[in-house]
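If you're wondering where the values come from, they're calculated on a predicted model, not measured in any experiment. Both backbone and side-chain heavy atoms feed into the values below; hydrogens, waters and symmetry mates do not.
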Amino acid sequence: MSGLAQYGAIWLAQVRYTVMRELMFKANFILWVIVDLCWFGLNLAFVQFLYLQVNVIAGWSKWEMILLVTTNMLVQQIFQMLLMTNLNKLPELIRTGRLDFFLAQPASAQFLISTRLFELGSVVNVFFVLIVCFISVAELHWKFSLSGLVIYPLLVVFGVLIHYAVLLMLMSLAFWMTRAQGFINAYYSTFQIARLPRQAFHGPARWIFTWPLPLLLVANVPASTLLHGWNFKDLAAMGGVTTVLVVLSTAVFQAGLRRYGSASS
């Protein structure tokens, strides 16, 4: 079995185990689906409220803004479904020493730690988010780019990887400090900026949230590409930033593993 096929088989086995476990606690599963959908509904209601008195905000009409917010929610739900829950548990694995179990496996520790749990509820949420996304496109009377439609899924994947890289670096700080779990709250709060149009930011704030912390790329670039077609500068920026962050986060995690190994020996 090739390496890629082997990792695919491992991931599918982890998904099957997680789904079976989730279905044992149906009430908890339903509750979290409802909570996430209510949060999504509040975001849409907030957009509706903003456009009661105006037609355009920072160059975005109401349904364009809904597409932006929906794209941000789509990225977040996919990230939560595949990766976020696992990264949140990294500090606990380090603190309790259960990380040793993953280091002893004949596979990449980063892969196992990042993918061992699968959020089944997010699958339902992604379905509803996609429905709203299609509705927003329909309300725009099909004023979107066909080339953007092709590139849009790839840009959503880039957005997920940006989330992954940033949170992996934050959680990897647990190798050096005991209270890294507190960074999760900062992550949740800061990443709400991703649902805002980047045209609303100017000066240093726009530079900071585009390059060092690329929140204004996560949803803005996919939504803009879908609406107006692909832009080489935007695609290059998002691809480059994603690559740099993934490489950097992997380096930070591996450095933490080396420190963890030397401390345990």
Could you tell me whether the side chain of [Y] reaches within less than 4.5 Å of the side chain of [X], counting heavy atoms only?
X      : Y      : result
Phe40  : Gln77  : no
Gln110 : Leu168 : yes
Ile113 : Phe253 : yes
Thr242 : Leu217 : no
Thr18  : Leu120 : no
Leu245 : Leu161 : no
Asn88  : Leu167 : yes
Met73  : Val132 : no

State the [atom1]-[atom2] distance between [X] and [Y], to the nearest 0.5 angstrom.
X      : Y      : atom1 : atom2 : value
Ile78  : Asn125 : CD1   : CG    : 11.5 Å
Thr70  : Leu44  : OG1   : CG    : 5.5 Å
Leu215 : Thr210 : CG    : OG1   : 9.0 Å
Trp207 : Leu216 : CH2   : CG    : 13.0 Å
Leu52  : Lys62  : CG    : NZ    : 8.5 Å
Phe158 : Ile151 : CZ    : CD1   : 10.0 Å

Whether [X] side chain and [Y] backbone form a donor-acceptor pair below 3.5 Å:
X      : Y      : answer
Asn43  : Trp39  : yes
Ser136 : Cys133 : yes
Asn86  : Leu82  : yes
Asn220 : Arg198 : yes
Ser249 : Val246 : yes

What closest approach, in Å, do [X] and [Y] show between heavy atoms, and which atom pair accounts for it?
X      : Y      : result
Tyr51  : Met65  : OH-CE, 3.3 Å
Leu196 : Leu68  : C-CD2, 3.8 Å
Asn72  : Ala194 : OD1-CB, 3.2 Å
Leu140 : Glu64  : CD2-CG, 3.8 Å
Leu112 : Ala107 : CD1-CB, 4.1 Å
Tyr260 : Asp100 : OH-OD1, 2.6 Å

Given Phe102 and Arg116, is the side chain to side chain contact (heavy atoms under 4.5 Å, CB included) satisfied, shown in steps? CA-CA 10 Å; Phe102 298 96; Arg116 66 192 182 98; 3.4 Å; yes
Ring centroids only, cut at 6.0 angstrom: are Phe191 and Tyr187 within range, meaning strictly under it?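 Yes: the rings meet the under 6.0 Å criterion.
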Determine whether the aromatic ring centres of Tyr7 and Phe111 lie less than 6.0 Å apart. yes
Tyr152 and Thr71: side chain donor to acceptor below 3.5 Å: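 Note: Tyr152 and Thr71 side chains meet the donor-acceptor criterion.
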Among side-chain atoms of Asp36 and Gln80, is any donor-acceptor pair under 3.5 angstrom?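 Indeed, the side chains of Asp36 and Gln80 share at least one donor-acceptor pair under 3.5 Å.
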Starting from the C-alpha separation in whole Å, work towards a yes-or-no answer on side chain to side chain contact (heavy atoms under 4.5 Å, CB included) for Val124 and Phe128. CA-CA 7 Å; Val124 179; Phe128 282 104; 3.6 Å; yes
Quick one: sort the Phe118 and Trp11 rings into parallel, tilted or perpendicular, breaks at 30° and 60°.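 Rings of Phe118 and Trp11: perpendicular, over 60°.
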Out of curiosity, does [Y] fall in the hydrophobic cluster containing [X] (side-chain heavy atoms, cut-off under 4.5 Å, transitive links)?
X      : Y      : answer
Val166 : Met177 : yes
Val221 : Ile208 : yes
Leu31  : Val126 : no
Phe46  : Val129 : yes
Ile30  : Leu23  : yes

Run the numbers on Gln254 and Arg258 for side chain to side chain contact (heavy atoms under 4.5 Å, CB included), then give the verdict. CA-CA 6 Å; Gln254 294 299 326; Arg258 289 192 293 271; 4.0 Å; yes
Given side chain to side chain contact (heavy atoms under 4.5 Å, CB included), test Val137 with Leu226 step by step and report yes or no. CA-CA 9 Å; Val137 170; Leu226 182 58; 4.2 Å; yes
